[in-house]
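Take a look at the structure set out below.
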Amino acid sequence: KHLNVRVPINGSNKLKGIYKIISDDLVLYVGQSKQLLNRISKHKSGVKNPEINKRHKQLYYNLQQYSNLEFKIIEETPNHKEREQYWINN
């Protein structure tokens, strides 16, 4: 399996915003965080070992069924909680 993450050039862990997990062009998950790079890193670890995070365990088992997973930041915004629903609906 291939795990890829596309991050902004500044690479700051203080990025707030929305991210998605995709396989090929299929959107599997949309999430938000006030620390995007940290959250993406935790998800990548969770896909490799779903038992490390009980809260997202089922998500990680589901994601293991797909190959070529990519983690993409789709919007940097301080209003990440509100904007998450926009991206889930669109």
Side-chain angles (χ1 to χ4, degrees):
K1 293 185 178 186
H2 177 70
L3 299 177
N4 187 17
V5 62
R6 296 184 183 175
V7 297
I9 293 176
N10 68 6
S12 169
N13 193 35
K14 299 193 189 249
L15 294 174
K16 297 175 183 171
I18 314 302
Y19 64 95
K20 64 183 175 180
I21 303 173
I22 64 171
S23 177
D24 298 318
D25 288 326
L26 179 64
V27 176
L28 305 171
Y29 184 82
V30 174
Q32 58 84 21
S33 179
K34 61 183 178 182
Q35 294 182 341
L36 284 170
L37 300 181
N38 186 44
R39 177 66 54 85
I40 289 169
S41 177
K42 287 183 178 186
H43 281 323
K44 289 174 72 175
S45 296
V47 171
K48 293 177 185 175
N49 181 5
E51 296 296 326
I52 65 172
N53 185 321
K54 303 295 184 201
R55 180 175 176 210
H56 290 105
K57 181 168 73 170
Q58 190 59 53
L59 168 66
Y60 299 145
Y61 278 118
N62 293 345
L63 290 174
Q64 285 182 337
Q65 299 175 36
Y66 297 90
S67 59
N68 299 320
L69 290 178
E70 289 187 59
F71 299 76
K72 293 185 179 182
I73 295 171
I74 53 178
E75 181 179 359
E76 290 180 55
T77 176
N79 301 318
H80 50 93
K81 292 181 181 180
E82 295 84 12
R83 294 292 294 160
E84 178 184 31
Q85 192 61 51
Y86 168 82
W87 285 102
I88 289 171
N89 294 338
N90 292 300

Response to the item:
When rounded to the nearest 0.5 Å, the distance separating NZ of K44 from CD1 of I21 is 11.0 Å
Side-chain donor-acceptor pairs under 3.5 Å in residues 24-31, sequence neighbours left out?
none

Worksheet item: For the hydrophobic clusters of this structure (ILVMFWY residues joined by side-chain heavy atoms under 4.5 Å, transitively), does one cluster hold both L36 and I74?
Response: no
Fill in: Joint hydrophobic cluster, L69 plus I40, side-chain heavy atoms closer than 4.5 Å
yes
Worksheet item: Should L37 and I22 be regarded as members of a common hydrophobic cluster, given that ILVMFWY residues are connected when their side-chain heavy atoms come within less than 4.5 Å of each other, either directly or indirectly?
Response: no
Fill in: Taking every non-hydrogen atom, the tightest pair across S67 and S23
O-OG, 2.5 Å
Worksheet item: Would I18 and F71 show up in the same hydrophobic cluster when neighbours are defined by side-chain heavy atoms closer than 4.5 Å?
Response: no
Response to the item:
The side chain to side chain donor-acceptor pair (under 3.5 Å) partner of H80 among K16, Q32, K34 is Q32
Discussion item. Quick check: do K20 and W87 have side-chain heavy atoms less than 4.5 Å from each other?
Written reply: no
Worksheet entry | Selection residues 51-60 - residue pairs positive for side-chain hydrogen bond (donor to acceptor under 3.5 Å, both in side chains), sequence neighbours left out | H43-Y60, E51-K54, E51-Y61, Q58-N62
Worksheet item: Between CG of N89 and CD of E84, what distance do you get to the nearest 0.5 Å?
Response: 10.0 Å
